[in-house]
Amino acid sequence: MKLRHLLSTDDLDPDAIERLFAVARAAEPVARRRKVCRALEGAVLGNLFFEASTRTRMSFAAAFCRLGGAVCDTTGFTFSSMAKGESIHDTSRVISGYVDVLVVRHPERGAVAQFAQATHVPVINGGDGPGEHPSQALLDLYTLGNEFSRLGRRIDGAHVALIGDLKYGRTVHSLVKLLSLYRGLRFTLIAPPGLEMPAGLCELAARRGHHIDTRSSLRQPLHDLDLAYATRIQRERFTGEQTAGYTPEFRVDKAFLDTCCGPQTVLMHPLPRDSAPDANDLGTDLDSDPRTAIFRQSDSGVAVRMALFATLLGVERQLQRPLADATWRRPRRLGPSDAPFYTLDD
Ligand code: NCD
């Protein structure tokens, strides 16, 4: 499978994922600031974000810069010519004259695919409304693979709980599709009433032989859980839905970790978490618990996105060659609550 664009996880098969992850592993010394790579020197990324973003926009940009490239970007509709009525087609074709690859985030499902139709330059979907977020699912899977290999576990046969807004959460839509490429998983889907996983995605996972259990409460016990993946309620996408069912019991916090999860359960969340007191999102009291992989997950975004760029632009072999050492000072650990086993030197 030759990757031309990355619009959906449907563009990926297990071989393509394994090849990407091998490139991401080769990119780790650069992502962790030990080595320097100039494979994309002279290349330009167009980062087009028509929706709010911190980590996706910044980590795509950082990944491109760490490969030696430069970044041009535009944020929101207000300062783009779309505010003057320019079509997606024209915008995409014009920007293709300036850059070598496009990353696009847009509030409408399918809009990023329209960008891809208007250009021969590779386009990566950085999130299309409630549709998909394939690069996030890739970095989630990469992180999970790292966590499981440290714990001596496999993805095949794992028990995975997806928690929160499964209707509008595009990260879980893409993740279910990628995890469904493995064998014999047990999915427990826990969403407030009205925010359940779309039926088509449940059917796809069931067709591929996985077991699906759905719940509207986080209170019931969860046995032998390997991964708890929590998501934010996507209020900005609501079209009349109520959050009445999204009660404090949906809060994924230290008490949840200690009562519902085992000593080796991995806890992930794509972030951002909504830190408002009444948000019922992921708590902060679990940050220093070694099971909490949320920052290892966001850090993985750089290596995985470097692998995507290197593969789409055909320079992946350059990451296998000896690379120059980075010479600037860097910390050994990135954050004060990082797990003892996680350093930039790994
Ligand atoms: C997610 C997104 O934008 O879909 N964030 C991200 O890219 N890591 C999740 C969210 O906004 O809740």
Side-chain angles (χ1 to χ4, degrees), residues 6-9 24 31 47-64 73 75-77 102-113 123-144 162-178 189-192 195-198 201 227-238 241 243 246 250-252 267-276 278-284 287 292-306 308:
L6 180 64
L7 301 175
S8 154
T9 41
N47 229 1
L48 273 61
F49 278 71
F50 298 103
E51 253 195 353
S53 172
T54 300
R55 71 225 80 233
T56 305
R57 185 166 60 90
M58 293 280 296
S59 65
F60 268 120
F64 208 79
D73 60 9
T75 319
F77 289 99
L102 281 169
V103 175
V104 186
R105 172 171 283 190
H106 195 283
E108 277 161 42
R109 188 197 301 267
V112 183
V123 176
I124 299 175
N125 181 0
D128 60 330
E132 278 215 44
H133 195 345
S135 69
Q136 177 72 41
L138 277 170
L139 78 88
D140 290 344
L141 189 62
Y142 181 79
T143 308
L144 188 62
L162 302 178
I163 303 159
D165 185 346
L166 307 185
K167 177 176 181 179
Y168 291 117
R170 54 195 173 196
T171 68
V172 277
H173 298 166
S174 293
L175 186 59
V176 160
K177 287 196 194 176
L178 280 195
L189 306 178
I190 310 166
L195 296 179
E196 292 89 358
M197 179 70 78
L201 287 170
L227 169 67
Y229 188 104
T231 63
R232 182 180 65 87
I233 296 294
Q234 313 271 306
R235 280 174 223 272
E236 69 274 30
R237 306 201 193 286
F238 278 17
E241 287 87 349
T243 47
Y246 188 56
F250 266 93
R251 212 175 153 76
V252 172
L267 175 72
M268 292 172 51
H269 186 298
L271 301 178
R273 60 181 150 196
D274 187 342
S275 292
D278 60 345
N280 303 330
D281 200 339
L282 188 73
T284 50
D287 287 7
T292 305
I294 54 173
F295 296 120
R296 299 193 286 282
Q297 188 182 354
S298 59
D299 291 346
S300 292
V302 177
V304 170
R305 289 173 169 135
M306 285 174 73
L308 274 173

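For this chain, numbers begin at 1 and follow the sequence in order. Each ligand, and each atom within it, is numbered from 1 in the order the structure gives.
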Thr171 N/O to ligand 1 N/O under 3.5 Å: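 No: no nitrogen or oxygen of Thr171 is under 3.5 Å from one in ligand 1.
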Which residue and heavy atom of the protein sit nearest atom 11 (O) of ligand 1, plus the separation: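 Nearest protein contact, heavy atoms only, for atom 11 (O) of ligand 1 is Arg232 NH2, 3.0 Å.
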Closest protein heavy atom (residue, atom, distance) for atom 3 (O) of ligand 1: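 For atom 3 (O) of ligand 1, the nearest protein heavy atom comes out as Arg170 NH2, 2.9 Å.
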With atoms numbered from 1 as shown, which atoms in ligand 1 lie under 4.0 angstrom from a non-hydrogen atom of [X]?
X      : result
Leu271 : 1 (C), 5 (N), 6 (C), 8 (N), 9 (C)
Pro270 : 8 (N)
Arg55  : 8 (N)
Gln136 : 6 (C), 7 (O), 8 (N)
His133 : 2 (C), 4 (O), 6 (C), 7 (O)
Thr56  : 6 (C), 7 (O)

Cation-pi, Phe60 ring and Arg305 (6.0 angstrom, 45 degrees): yes
Centroid-centroid distance, His106 to Phe77, less than 6.0 Å: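 Yes, they do, as the ring centres are separated by less than 6.0 Å.
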Ligand 1 contact by Arg105, heavy-atom criterion under 4.0 angstrom: yes
No-hydrogen, no-angle side-chain donor-acceptor test under 3.5 Å, Gln297 and Asp140: yes
Test item: side-chain donor near acceptor, Asp281 and His269, under 3.5 Å: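 Side chains of Asp281 and His269: pair found under 3.5 Å.
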Side-chain heavy-atom pair Leu195, Leu166 within 4.5 angstrom cut-off: no
Side-chain heavy atoms of Ile233 within contact of Tyr168, under 4.5 Å: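 Result no, sub-4.5 Å side-chain heavy-atom pair not found.
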Glu108 and Glu51: CA distance, side-chain angles, deciding distance, side chain to side chain contact (heavy atoms under 4.5 Å, CB included) verdict: CA-CA 10 Å; Glu108 277 161 42; Glu51 253 195 353; over 6 Å; no
